[in-house]
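A short write-up of the structure that comes next.
What you see is a predicted model, and the numbers here were worked out from it, not measured in a lab. Indexing begins at 1, ligand by ligand and atom by atom, following the structure's order.
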Amino acid sequence: MSALPVAHPWFRRDRIDDRLTRIVEPHVHEFLQGNSWWLAGRDRDLVVDAGLGVASMRAELPELFAREPVLVITHAHLDHMGSAHEFTERWAHAGEPVAAPLGRSLVGRRLAEELGLRLDRHGPVPELFLTARPHEEFDAEAHRLAAVEPSATLADGDVIDLGDRELVTLHLPGHTPGSLALFEPAAGALFSGDVVYDDVLLDDLHGSDRAAYAESLRRLLRLPIRTVYPGHGGPFGAARLREIVEAQLRAWGEVRGPS
Ligand SMILES: [Zn+2]
């Protein structure tokens, strides 16, 4: 395998507004390129998901850790919890295997096997999920995701209080058993992890449950969501959310489409 170029800085910050920043890793293959969301609160900050873990968030984004934020791990896939071990407060659903995650490799075929990704359905995977490496010594083929013990567990309905903003925990199983999303009622904002994003949703990995997933998506349609901040790709609004959910339910045969 030819040597990957070194990219520094590794992370890119997209400022959404005064109190919301998206952190992305541009040199991760698009299949695994996820979002971390940094929400600033009066009393504490919240980070939703922790990237791929190939570069140190604490070293490269010191301002993110200035007030030791709470990390919420939406689910135990490697593109969402890579740097979780760098956070002192890391919260996840009790039913999610963050202490023993399934997929831990950046090598395409190995990760597909570990996660149960069906290549016949989802197409070929790249040899390696990176297009650059964070530093000279980084060995992409040897890299393994670091497992972590959550410092606390979250359940459906738990409210996270940042002082002047509150988020409600939603347990939305389907993609994984303990998938979480966070809903901020005052803003109509949903931080959705991999429950919903504007691309093919993965319902057939190890631990996925299509019937539970369908119920989770139906539940989203009953909430007053104005903007979705997903685990992958850009934010979208309520109309697009409804289209994505209804198309997915139709594809699963969960609702009758127009004949
Ligand atoms: Zn996932």
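Residue contacts to the Zn ion (ligand 1): His80 brings no N, O or S atom closer than 2.8 Å. Not a single N, O or S atom of Asp79, from either the backbone or the side chain, sits less than 2.8 Å from the Zn ion (ligand 1).
The Zn ion (ligand 1) is closest to atom ND1 of His77 (considering only N, O or S atoms). Closest N/O/S atom of Asp194 to the Zn ion (ligand 1): OD2.
Within a 6.0 Å sphere centred on CD of Glu30, other residues, nucleotides and ligands contribute 12 heavy atoms or fewer.
Checked by atom type and distance alone, the side chain of Glu141 never pairs as donor or acceptor with a backbone atom of Val107 at under 3.5 Å.
At least one side-chain heavy atom of Phe65 sits under 4.5 Å from a side-chain heavy atom of Met57. Side-chain contact between Leu167 and Asp161 is absent, with no heavy-atom pair separated by less than 4.5 Å. Two residues are said to be in side-chain contact when any heavy atoms from C-beta on lie closer than 4.5 Å; Pro230 and Phe236 meet this criterion.
Around the Zn ion (ligand 1), the two atoms NE2 of His75 and NE2 of His175 are separated by an angle of 100°, to 10 degrees.
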